[in-house]
Amino acid sequence: MADEISVKLATSEDAGAVLHFLRTTANESDAVLVPHLNEISKEEEATNIDLINQFDDCVILLAMLGEEIVGMVTVMVLDHQPTTGELGVVVRKKYWRNGIGRLLVDEAEYWFNTYSSLENLVLTVFENNIPAIKLYQQLHFVTTGKTVEQGHNVLQMQYDNKKEETMEK
């Protein structure tokens, strides 16, 4: 299925579809943790996307199956660590285990290595989400710690692009 998917940069014109996608996936999984998601208007989301697209330390990429958003990856700079971006990946439940998450993480890593000004790329993942953890490990993320977020045990992971460079040689 991943070969039928195109990946594109989100634009302000996608705001309504992005909000619909996030609200739908928030009902499918407890891993979608967007504060005040139901209070954000289409206009506010369009402004947010335009703002994000002005910087080289943030990105929103959409996985598209025709006109439908089936997945999304974001990298957002951390407020307290301005050289570190946090990766977030969401895929519609009916499309899980079809290679879309891998495609999105690959695209985010390419963006990080090629275009971003960031020095580090990190993520958190629920400790019981074994398929996602295995995927991240395959894509050069290493566990750096454990914590509890909103009542969930989570692993903290960091992208190790030196590991990827070693594998390419």
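Remember, predicted model here, so these are calculated numbers, not experimental data. The analysis underlying the following values was restricted to heavy atoms, covering all of them including side chains, and did not include hydrogens, waters or symmetry mates.
- Of all heavy-atom pairs between Val89 and Gly101, the closest is CG1-CA, 4.3 Å.
- Taking both residues in full, the closest heavy atoms of Ile5 and Ala63 are given as CG2-CB, 3.7 Å, listed atom of the first, atom of the second, then distance.
- Residue-environment remark: NZ (Lys93) stays at or below the threshold of 12 foreign heavy atoms within 6.0 Å.
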Verdict with supporting geometry, Tyr159 and Asn113, side-chain hydrogen bond (donor to acceptor under 3.5 Å, both in side chains): CA-CA 11 Å; Tyr159 176 57; Asn113 288 318; 2.9 Å; yes

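- Linking ILVMFWY residues whenever their side-chain heavy atoms come closer than 4.5 Å, directly or via other members, leaves Ile60 and Leu51 in distinct clusters.
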Given side chain to side chain contact (heavy atoms under 4.5 Å, CB included), test Glu107 with Leu104 step by step and report yes or no. CA-CA 5 Å; Glu107 290 290 331; Leu104 288 168; 5.6 Å; no

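- Contact record, Asp14 with Leu9: OD2-O, 4.0 Å, taken as the closest heavy-atom pair.
- Side-chain contact between Arg92 and Thr25: present, with at least one pair of heavy atoms (C-beta onward) separated by less than 4.5 Å.
- The hydrophobic cluster containing Phe55 does not contain Leu61, counting ILVMFWY residues as joined when their side-chain heavy atoms lie under 4.5 angstrom apart, directly or transitively.
- The distance from the CD1 atom of Ile133 to the CD atom of Gln138 is 12.5 Å, given to the nearest 0.5 Å.
- The cluster map of Ile, Leu, Val, Met, Phe, Trp and Tyr, joined by side-chain heavy atoms under 4.5 Å apart, puts Val122 and Met157 in different clusters.
- Interatomic distance, Ser12 OG to Glu43 CD, rounded to the nearest 0.5 Å: 11.0 Å.
- Within the model, atoms CG of Leu62 and NZ of Lys8 stand 6.0 Å from one another, a figure rounded to the nearest 0.5 Å.
- Linking ILVMFWY residues whenever their side-chain heavy atoms come closer than 4.5 Å, directly or via other members, places Trp96 and Ile100 in the same cluster.
- Between Leu65 and Glu4, some side-chain heavy-atom pair lies under the 4.5 Å cut-off.
- Considering all non-hydrogen atoms of both residues, Pro131 and Arg97 come closest at CG-NH2, 3.1 Å.
- When all heavy atoms are compared, the tightest approach of Asp56 to Ser117 is OD1-OG, 2.8 Å.
- Following chains of ILVMFWY side-chain contacts shorter than 4.5 Å, one cannot reach Phe141 starting from Leu78, and the two form parts of different hydrophobic clusters.
- Separating the NZ atom in Lys42 from the CD atom in Glu13 is a distance of 9.5 Å, to the nearest 0.5 Å.
- Residues Pro82 and Val77 come closest through the heavy atom pair O-CG2, 3.3 Å.
- With 3.5 Å as the limit, one finds no donor-acceptor pair spanning the side chains of Asp50 and Thr47.
- Using cut-offs of 30° and 60° for the angle between ring planes, the Tyr115 and Tyr110 rings count as perpendicular.
- Counting only heavy atoms from C-beta outward, the side chains of Ile52 and Met76 approach each other to under 4.5 Å.
- Put simply, the side chain of Met64 reaches to within 4.5 Å of the side chain of Ile69, judged on heavy atoms.
- Put simply, the residue from Leu118, Val59, Asp57, Leu87 that forms a side chain to side chain contact (heavy atoms under 4.5 Å, CB included) with Phe112 is Leu118.
- Using a distance-only test at 3.5 Å, with no hydrogens or angles considered, a donor-acceptor pair links the side chain of Asn98 to the main chain of Tyr95.
- A distance of 8.0 Å separates NZ in Lys146 from CG in Asn153, rounded to the nearest 0.5 Å.
- Between the side chain of Thr84 and the main chain of Asn120, no donor-acceptor pair closer than 3.5 Å is present.
- Note that CD of Glu127 is 12.0 Å distant from CD of Glu149, once rounded to the nearest 0.5 Å.
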